[in-house]
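See structure below.
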Amino acid sequence: MTEKFVLQNDNVRGRLKAYPTSVLLDQNYSDPETEGEIFNSLVQYFGDNLGRKVKAMPLVEETSLLEDSSVTLPVVVIGNGPSGICLSYMLSGYRPYLSSEAIHPNTILHSKLEEARHLSIVDQDLEYLSEGLEGRSSNPVAVLFDALLHPDADFGYDYPSILHWKLEQHHYIPHLVLGKGPPGGAWHNMEGSMLTISFGNWMELPGLKFKDWVSSKRRNLKGDRVMPEEIARYYKHYVKVMGLQKNFRENTYITSVSRLYRDQVDNDGQDRDISTQHLQIEKSKFTKRNWEIRGYQRIGDGSHIPFCLFAENVALATGTLDSPGRLEIDGEDFPFVFHSMPEFGAAISKGKLCGKVDPVLIVGSGLTAADAVLCAYNNNVPVIHVFRRRVTDPSLIFKQLPKKLYPEYHKVYHMMCTQSYSLDSNLLSDYTSFPEHHVLSFKSDMKCILQNISGLKKIFKLSAAVVLIGSHPNLSFLKEQGCYLGHNSSQPITCKGNPVEIDAYTYECVKEANLFALGPLVGDNFVRFLKGGALGVTRCLATRQKKKKQHLFVERGGGDGIA
């Protein structure tokens with residue numbers, strides 16, 4: 001079954017044809033009427049097609065294309081978490097400037113900023129500004145932007161941002177942000193009983209202070225750390241109050257993102273399907289054109305509406321929480337084995353594990369595993385805590401968290417160190433840690449086999465198991481599952497071990513032009529640092545847009561005989 005999306009509104013069709021693709025991409029948008037005409041056409045067109053109800057269609061039959069559309073969007077952002085939201089904010093024309101009375105505590109950085117005070121940060125040399133700065137991100141622009149938004153935060157200071165923001169509509173770059181759920185991404189799915197690792201103000205996005213927002217929602221502010229559900233509501237509200245809703249599409253699922261190639265010999269201007277073998281043999285005859293993004297939107301009755309978009313640039317902002325890490329051992333698919341905090345939290349809240357004598361097995365040594373330990377411990381569910389590292393391993397996350405700010409995590413770490421398993425004591429009543437152990441297998445009778453580094457095995461009866469050993473992004477819509485974009489192309493993309501390899505200042509993928517990545521995909525798990533990706537991408541696209549306009553001006557000037 002093939003269904004083509006066509007323009008139903010003659011007026012819209014006329015508008016789109018009145019503005020060729022090149023004009024849509026190169027227009028400076030300084031004329032409000034022109035900007036409104038173009039944007040309204042884009043929004044109405046894409047809104048109608050993504051929002052129209054059709055008969056449910058299986059994914060295998062997803063063949064619908066926007067074949068009648070000549071519109072190619074400058075940018076499509078995949079992912080509507082804080083990375084995608086921040087990028088949309090800056091692509092919408094919001095620009096950061098040095099505040100008139102601001103003085104940065106880093107005197108060298110401040111003197112650099114003073115040199116071009118009249119320019120927005122987007123229009124400055126990010127490599128020059130980033131030089132010599134240090135922070136908890138391997139991406140220099142992330143460290144720079146964090147230093148401007150939260151000066152000396154790593155030294156315990158709560159200095160205000162030295163930036164102020166202006167909406168400059170002539171810098172608007174048309175774009176769509178596609179997400180599976182409401183704006184905020186994975187924050188809407190996080191366990192609601194746990195506090196965030198970062199302070200509330202570190203979770204905020206430019207232009208709207210989190211403290212101002214949350215103070216209007218609740219009177220009693222007990223501390224700087226907050227519930228994930230508050231952060232999720234803040235992000236959703238942010239998109240609305242900043243006027244970004246027109247760029248966002250919810251309930252969208254991407255099935256493929258691929259390059260279109262144009263035959264340089266063919267003059268009819270049509271994109272053609274070209275076999276990989278043919279492309280390799282005669283690669284010189286073809287040129288990369290734009291991106292084709294296919295997917296579907298899920299509507300209320302469960303139906304799927306297929307869509308196909310075309311974009312000049314694609315930004316990957318999917319995060320890394322799509323696919324939980326697995327042990328890849330026998331029995332891992334038994335129903336008593338969970339792979340996420342929400343699953344485990346739901347089982348606890350429904351009382352399924354309370355009052356049972358057999359312990360819960362928790363696997364992992366990160367903060368999510370610690371959250372699971374606290375969740376079980378606080379509900380009087382006994383815990384067996386298994387992890388591969390030594391308790392003295394300096395890379396354990398607990399060693400990087402100040403005790404005063406994170407007392408609950410240090411409580412878990414203290415138990416890990418002092419309540420470890422021994423042949424003499426066996427299992428303790430409430431919690432027992434198994435350092436330098438791993439799970440060999442799960443059995444159908446709800447037993448597990450553990451093994452230590454010496455090869456000694458032990459069998460325990462469980463009430464449930466929770467495997468929390470990290471997660472992987474779902475990049476199945478890219479060729480090779482996106483592996484080819486990583487530093488190690490033979491391994492899956494992961495935040496820590498194998499992030500997407502990018503240009504340090506533009507966030508463009510080293511191995512794929514016009515494809516950008518930001519946030520956890522490039523190693524920035526904390527909201528504090530993922531905002532730098534939005535700055536890098538925006539500067540890159542704005543610079544290229546400016547060069548394209550200049551090129552068009554010269555071309556048109558020469559043809560008309562005008563200097």
Side-chain angles (χ1 to χ4, degrees), residues 105 134-138 143 146-147 149-159 187 190-204 210-211 214 220-231 341 344-345 348 360 362-422 428-437 466 468-470 495-496 523-529:
E134 295 181 355
R136 290 191 291 168
S137 171
S138 58
V143 175
D146 180 67
L149 293 169
H150 307 289
D152 281 357
D154 284 336
F155 296 105
Y157 296 105
D158 189 21
Y159 294 136
W187 285 93
M190 291 185 185
E191 175 62 35
S193 63
M194 302 300 170
L195 294 173
T196 60
I197 304 304
S198 299
F199 298 143
N201 64 322
W202 288 359
M203 314 297 291
E204 68 190 19
F210 179 79
K211 285 183 177 178
V214 79
N220 186 16
L221 300 177
K222 293 182 178 179
D224 291 318
R225 294 167 63 202
V226 295
M227 297 288 192
E229 61 181 294
E230 289 182 303
I231 297 297
M341 257 313 281
F344 180 56
I348 290 285
V360 167
I362 296 173
V363 184
S365 60
L367 294 177
T368 307
D371 284 340
V373 169
L374 290 169
C375 183
Y377 187 87
N378 293 335
N379 284 277
N380 298 313
V381 177
V383 172
I384 292 176
H385 187 189
V386 175
F387 46 96
R388 290 177 175 269
R389 299 183 187 183
R390 306 186 314 274
V391 292
T392 55
D393 191 324
S395 64
L396 283 173
I397 185 64
F398 308 101
K399 293 182 174 292
Q400 303 171 33
L401 302 176
K403 287 184 179 181
K404 289 184 178 180
L405 299 179
Y406 304 94
E408 76 278 31
Y409 288 124
H410 279 276
K411 175 182 178 180
V412 173
Y413 181 53
H414 179 73
M415 292 193 299
M416 289 166 64
C417 296
T418 61
Q419 295 179 221
S420 58
Y421 176 81
S422 70
L428 302 176
S429 59
D430 53 0
Y431 171 94
T432 310
S433 71
F434 285 76
E436 299 182 274
H437 279 70
V466 197
L468 300 168
I469 55 173
C495 175
K496 293 182 179 179
D524 286 328
N525 253 340
F526 291 99
V527 177
R528 273 180 62 191
F529 297 109

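All residue numbers refer to positions in the sequence shown, counting from 1.
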Across all chains, not counting sequence neighbours, the side chain to side chain contact (heavy atoms under 4.5 Å, CB included) partners of Ser429 are none
Looking only at heavy atoms, the pair that brings Asp524 and Ser137 closest together is OD1-OG, 2.6 Å
Is there a donor-acceptor pair closer than 3.5 Å between any side-chain N or O of His410 and the backbone N or O of Glu408?
no
Find out whether Leu149 and Glu204 are in side-chain contact, i.e. whether some heavy atom of one side chain is under 4.5 Å from a heavy atom of the other.
no
Show the atom names and distances, to 0.1 Å, of all donor-acceptor pairs under 3.5 Å that link a side chain in residues 379-388 to residues at least two apart or in another chain.
unit_1	atom_1	unit_2	atom_2	d
Asn379	ND2	Cys375	O	2.7
His385	ND1	Tyr431	OH	2.8
His385	NE2	Gly364	O	2.7

For a quick test of reading the model, state the closest non-hydrogen atom pair linking Pro435 to Val391 and the distance between them.
CG-CG1, 3.9 Å
ring-ring contact (aromatic ring centres under 6.0 Å, His included) partners for Tyr413, two or more places apart:
Phe398
Near Lys403 NZ, under 6.0 Å, is it more than 12 heavy atoms from other residues, nucleotides or ligands?
no
Paired with Ser365, the side-chain contact (heavy atoms from CB on, under 4.5 Å) test is passed by just one of Ile469, Ile397, Leu396, namely Leu396
Test of understanding: with side chain to side chain contact (heavy atoms under 4.5 Å, CB included), list the residues that count as partners of Asp152, not counting sequence neighbours.
Pro105, Phe155, Tyr157, Tyr159
If you compare all heavy atoms of Val143 against all heavy atoms of Gly135, which two are closest, and at what distance to 0.1 Å?
CG1-N, 3.8 Å
Closest approach of Leu468 to Met341 (non-hydrogen atoms, all atoms of both residues)
CD2-N, 3.9 Å
By side-chain hydrogen bond (donor to acceptor under 3.5 Å, both in side chains) - contacts of Asp146 (at least two apart):
Arg528
Run Met415 and Val373 through side chain to side chain contact (heavy atoms under 4.5 Å, CB included) and show every step you take.
CA-CA 10 Å; Met415 292 193 299; Val373 169; 4.1 Å; yes
Tell me, please, which residues at least two apart from Thr368 pass side-chain hydrogen bond (donor to acceptor under 3.5 Å, both in side chains).
none
Any side-chain heavy-atom pair from Leu428 and Tyr421 closer than 4.5 angstrom?
no
Do Phe344 and Val360 have side chains that approach each other closer than 4.5 Å (heavy atoms only, starting at C-beta)?
yes
